[in-house]
Amino acid sequence: MSDSFLLILTGPPGSGKTTVGRLLAGEFNPSAVVDADFFWASIVNGLIPPWEPGADVQNRVMVRASLSTAARFVRAGYVTVLEGHVGPWHFDLVREELAGRELPVKYVVLRPTIEDCLFRSVDRLKEPRHAGALTLEDPIRHMYSKYEDLDDYEKHVLNNSGQSAEETVHSIVKGLTSSEDFVLTP
């Protein structure tokens, strides 16, 4: 698998996206990670918490910016992991941003149990790269509910409860190399 592709790695807060994304990119050479949270953190004034009513326009701008950035890396030959909140409800943006670019796209939804997400959301604050990460239970539960029952996209879900980040990476790489698992056709 030396050809470049885009892997959208998503899931609720505390599912392991940031940790797994970097490790997963390390399995390929050349590779890059686009951390979608960077785009939200770039807002100096006027940030609406992404789970709040009224944040949809802002969230769509951020998802579009992260997709555009990731597409540039892929076109330059990098296997690129875009880790962040890109749910099936954003696939219109995926189609628009990647239109005419003919980039292979894979899609993985990390979805451990809600209990694991809540625990990991608090536990991750021990690491400096997660400073300021979401730890509020109600928004985490709300965002978790958006990743439940994904209909046709359930085949992209990986329940990584009880798995280490390395075990999760192994499961994803195995799925990427063994079949057409995780191929996205939005």
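All figures in this text were calculated on a predicted structure; none of them were measured in a lab.
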task: Would you check if Y144 and E148 make a side-chain contact, meaning some heavy-atom pair closer than 4.5 Å?
output: yes
- request: Report yes if the side chains of F5 and L176 come closer than 4.5 Å at any heavy-atom pair, otherwise no.
  value: yes
field: Min side-chain heavy-atom separation L47-Q58 under 4.5 Å
entry: yes
- request: Find out whether L118 and R141 are in side-chain contact, i.e. whether some heavy atom of one side chain is under 4.5 Å from a heavy atom of the other.
  value: yes
- request: Any chance you could measure L6, atom CG, to Y78, atom OH, to the nearest 0.5 Å?
  value: 15.5 Å
field: T19 versus A165, closest heavy-atom pair with distance
entry: CG2-CB, 3.7 Å
- prompt: Any chain of hydrophobic side-chain contacts (each under 4.5 Å) joining L103 to I8?
  reply: yes
message: Between L110 and L9, is there a side-chain heavy-atom distance shorter than 4.5 Å?
response: yes
Partners meeting side-chain hydrogen bond (donor to acceptor under 3.5 Å, both in side chains) with E52 (sequence neighbours left out): none
- prompt: With a 4.5 Å limit on heavy-atom distance, are the side chains of V33 and T18 in contact?
  reply: no
Verify same cluster id: F91, L82 (apolar side-chain graph, 4.5 Å): yes
query: What distance separates S171 OG from L24 CG, expressed to the nearest 0.5 Å?
result: 11.0 Å
message: Less than 4.5 Å apart, side chain to side chain, heavy atoms only: is that true for V108 and V20?
response: no
query: Could you give the distance from CG (D35) to CH2 (W40), rounded to the nearest 0.5 Å?
result: 10.0 Å
message: Any side-chain to backbone donor/acceptor pair from S31 onto T80? Under 3.5 Å, distance only.
response: no
query: Backbone N or O of G11 within a donor-acceptor pair of the H85 side chain at under 3.5 Å?
result: yes
Point-to-point distance, once rounded to the nearest 0.5 Å, from CG of D37 to OG of S42: 10.5 Å
message: Is there a side-chain contact between T10 and Y147 in this structure, where contact means two heavy atoms from C-beta onward sitting under 4.5 Å apart?
response: yes
Rounded distance (nearest 0.5 Å) linking atom NZ of K106 with atom CD1 of I172: 12.5 Å
- request: Indicate yes or no for a side-chain donor-acceptor contact from Y153 to the backbone of G87 under 3.5 Å, with no hydrogens or angles considered.
  value: no
message: Hydrophobic cluster membership, with links at side-chain heavy-atom distances under 4.5 Å among I/L/V/M/F/W/Y: are I43 and I48 in one?
response: no
- line: Correct closest heavy-atom pair for A25 and A32 would be CB-O, 4.0 Å
field: Test side-chain contact (heavy atoms from CB on, under 4.5 Å) applied to P112 - qualifying residues, sequence neighbours left out
entry: S15, D116, C117, R120, N160, S161
Please output the side-chain donor-acceptor pairs of residues 61-76 that fall under 3.5 Å, not counting sequence neighbours, one pair per line with the distance.
unit_1	atom_1	unit_2	atom_2	d
R64	NH1	E96	OE1	3.2
R64	NH1	E97	OE2	2.9
R64	NH2	E96	OE1	2.7
S66	OG	M62	O	3.4
S66	OG	V63	O	2.9
T69	OG1	A65	O	3.0

field: Whether E27 side chain and V173 backbone form a donor-acceptor pair below 3.5 Å
entry: no
message: With a sphere of 6.0 Å drawn around CZ of F39, does it hold more than 12 non-hydrogen atoms of other residues, nucleotides or ligands?
response: yes
- prompt: Taking all atoms of both residues into account, what is the closest heavy-atom pair of G84 and A36, and its distance?
  reply: CA-CB, 3.8 Å
